[in-house]
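Working notes for the structure below.
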Amino acid sequence: MPLSATNTPQGCEFFSRTPDSIFTVEQFQGDEALMISTAEQFSRGEVLPVVERLDQQEDGLMPSLIRKAGDLGFCGIDSPEAYGGLGLSKNLAARILEFLSLNGSFSVTYGITSGISQVGLSLFGNESQKQQYLPKLTSGQWIGAYALSEPNSGSDALSVSTRAERKGDKWILNGTKMWISNAKWADLFLVMAKIDGEKFSAFLVEKDFPGVSVAREEHKMGLKGSSTARLVLENAEVPLENLLYEPGLGHHVAFNALNLGRFKLSSMSIGPAREAIGASAAYALDRKQFGRSIASFGLIEKKFAMMAALYYAAESMIYRTGALIDAAFETFGGTIEGNRKAAEEYAVECSACKVFSTEVEGAIVDEAIQVYGGYGFTEEFPVARIYRDARVSRIYEGTNEINRIFMADRLRRRAKEGSASLDGVADSFVGELASRAMRIETDNQIKLGALSDLLMYQYAEQSSRLRALQVGGHCQLLYDAFLPWVNLRGSEAYQILTGEGIQLPSIRPAPFSEIASAVYERKGPL
Ligand SMILES: Cc1cc2nc3c(=O)[nH]c(=O)nc-3n(C[C@H](O)[C@H](O)[C@H](O)COP(=O)(O)OP(=O)(O)OC[C@H]3O[C@@H](n4cnc5c(N)ncnc54)[C@H](O)[C@@H]3O)c2cc1C
């Protein structure tokens with residue numbers, strides 16, 4: 001059944017049709033708003049006061065925080081209730097994740113154990129696998145990890161060389177997995193390996209299985225409170241029944257976990273950006289130069305207005321997408337095949353959210369440092385840590401380059417399969433450019449990247465505009481500040497594709513001062 005039969009847009013439909021309405025975060029009300037605020041209180045009360053101790057990897061501290069999060073139900077937030085989860089929507093879970101991501105190290109630890117380490121099992125596990133492992137993960141008693149990357153297999157993920165061979169009633173796994181988040185604390189690893197060196201498959205590997213060990217911690221530039229290490233499999237003995245899904249179909253497990261992972265990483269990226277805006281706003285109000293608060297200078301006001309506008313655009317895209325994913329699970333979910341279809345449907349939107357949000361995160365934390373001046377370059381204030389922690393968002397869950405190659409290519413493939421249209425809606429300046437650009441056939445990677453940029457900017461602009469129309473007030477102000485930014489970037493991408501000069505449209509002057517005042521009052525994005 002096509003999704004449109006339920007009135008929910010199909011994947012990529014933003015390109016060819018403007019929806020009548022979209023989900024916006026303003027619709028999280030009542031109990032949902034309460035849960036989001038509990039998540040923020042948890043971050044502020046339990047996590048932020050101990051970030052230095054976390055960065056020093058104090059023994060047992062991170063696992064104890066995960067267990068506390070588990071006691072509040074956060075570790076199985078969108079996993080089924082039958083396995084100890086809260087069974088919440090993916091969209092609400094993502095918003096909660098955003099507020100649990102005010103510190104990067106906690107965010108990645110929590111995000112992996114409640115996210116990509118569990119989702120493969122939830123979507124593709126059989127009943128006994130789910131009964132055996134999910135309750136331990138959803139309660140926070142066990143910590144999960146996701147093990148795909150290897151020393152020589154990163155972006156080219158299907159080239160893994162970890163092997164699985166069947167011997168009697170066991171799978172014997174050999175290989176090294178690299179960069180495994182949570183490795184030091186994990187009880188369960190979702191491991192990708194090739195059966196007989198050929199069939200890419202997924203396995204549930206417990207840390208205590210014979211032949212499983214974890215190497216030393218990587219010495220990272222950020223996320224120092226998280227664990228990242230190699231998982232070493234030396235004749236590791238894995239019970240036959242711990243093969244997840246079908247032999248040779250592990251790519252469905254790995255990549256669909258990543259599709260949803262990219263969506264969640266978007267929330268995980270704007271969480272620290274939100275914190276950086278709040279912290280630097282408080283600092284700007286306090287810091288005086290030339291006899292007045294630096295917050296009152298025009299160029300500082302512009303920074304805060306743009307930080308808030310970029311955050312707004314990312315937020316508008318992410319939670320619009322989350323509602324679509326939930327609708328897809330409602331329509332298709334329940335069976336393994338249906339789950340697979342639901343997780344794949346909005347893969348382009350998930351990539352657009354990932355690339356846009358992580359780049360916006362980078363821009364926001366960079367400006368936050370600038371607001372602090374020299375003090376931002378020291379460890380005395382929280383922004384230096386936020387800045388270091390943020391950098392990796394553009395690298396993992398598929399680098400932004402890999403996601404850029406994917407988006408435009410996927411839309412074209414969908415169009416060939418008949419599940420998307422290449423007839424662009426052109427409902428804005430950027431939409432018009434994207435619509436013209438998609439008529440250009442190209443295999444050139446630089447041009448393909450520019451095409452993907454146009455799709456991403458179209459999705460960002462359309463989401464921001466529809467939200468502004470629906471909500472008005474501060475959303476309209478933020479959209480007015482975002483519009484010239486996105487038009488400029490869209491025209492840059494179009495020029496890379498065509499070489500044509502583009503006349504930018506006239507716009508209302510951006511209300512920088514008004515937005516900055518509101519950010520100062522809230523000590524955070526609007
Ligand atoms: C802190 C941290 C935590 C991580 N956690 C996990 C985890 O829990 N589980 C896990 O499995 N992995 C994890 N990773 C690994 C991460 O997913 C990889 O680092 C990422 O996929 C990139 O792979 P790579 O590092 O080998 O880079 P490479 O693939 O070698 O890429 C290097 C550069 O080349 C570019 N590039 C590569 N191929 C192309 C191409 N075809 N076209 C254009 N450009 C290209 C990339 O975009 C990148 O800029 C983690 C990494 C880090 C740093």
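Atoms within each ligand, like the ligands themselves, are counted from 1 in listed order.
The protein atom (non-hydrogen) at minimum distance from atom 4 (C) of ligand 1 is W179 O, 3.1 Å. Protein heavy atom nearest atom 22 (C) of ligand 1, with residue, atom name and distance: T399 CG2, 3.7 Å. Of all protein heavy atoms, the one lying nearest to atom 29 (O) of ligand 1 is S155 OG, 2.6 Å. Considering only non-hydrogen protein atoms, atom 15 (C) of ligand 1 sits nearest to S149 OG, 3.2 Å. At the shortest separation from atom 2 (C) of ligand 1 among protein heavy atoms lies Y396 CD2, 3.7 Å. Of all protein heavy atoms, the one closest to atom 1 (C) of ligand 1 is V392 CG2, 3.8 Å. When hydrogens are left out, the protein atom nearest atom 24 (P) of ligand 1 is G154 CA, 3.9 Å; that is the closest non-hydrogen contact. For atom 39 (C) of ligand 1, the closest non-hydrogen atom of the protein is I402 CD1, 3.8 Å.
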* To do: Could you give me the CA-CA distance, side-chain angles and deciding distance for L48 and L102, then say whether side chain to side chain contact (heavy atoms under 4.5 Å, CB included) is met?
  => CA-CA 8 Å; L48 294 185; L102 304 186; 4.2 Å; yes
* Please assess K177 against M192 for the test side chain to side chain contact (heavy atoms under 4.5 Å, CB included), listing each intermediate value before the final yes or no. => CA-CA 9 Å; K177 292 293 175 181; M192 308 303 156; 4.3 Å; yes
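A donor-acceptor contact closer than 3.5 angstrom links the side chains of E150 and S161. No hydrogens or angles considered: a donor-acceptor pair under 3.5 Å links the side chains of Q118 and S79. Side-chain N/O atoms of Y457 and E492 include no donor and acceptor closer than 3.5 Å. Defined by atom type and a distance below 3.5 Å, a donor-acceptor pair is present between the side-chain atoms of E217 and S227.
Distances from atom 42 (N) of ligand 1 to the heavy atoms of R391, Q445, K177, E401 show the closest one on Q445. Here the shortest heavy-atom distance to atom 8 (O) of ligand 1, taken over S153, S181, G104, belongs to S181.
At least one protein heavy atom sits closer than 4.0 Å to atom 31 (O) of ligand 1. Within a 4.0 Å radius of atom 10 (C) of ligand 1, the protein has at least one heavy atom. Contact annotation for atom 53 (C) of ligand 1: protein present (non-hydrogen atoms, distance under 4.0 Å). The protein reaches atom 13 (C) of ligand 1 closely, with a heavy atom under 4.0 angstrom from it.
K90 forms no cation-pi arrangement with F263, by the criterion of a distance under 6.0 Å to the ring centre and an angle within 45° of the ring axis.
The pair D78-K264 counts as a salt bridge, with a side-chain nitrogen and a carboxylate oxygen less than 4.0 angstrom apart.
Between L148 and ligand 1, at least one N/O pair is under 3.5 Å apart.
At distances below 3.5 Å, not a single donor-acceptor pair connects side-chain atoms of S419 with backbone N or O atoms of A415. Within the 3.5 Å criterion, the main-chain N or O of K220 finds a donor-acceptor partner in the side chain of K224.
Results of the side chain to side chain donor-acceptor pair (under 3.5 Å) test with R404 over D409, T399, D453 single out D453 as the only residue that passes.
For ligand 1 and I395, the ligand atoms under 4.0 Å from any heavy atom of the residue are 19 (O), 20 (C).
Residue contacts with ligand 1, taken as heavy atom pairs separated by less than 4.0 Å, involve I405 solely via side-chain atoms from C-beta onward.
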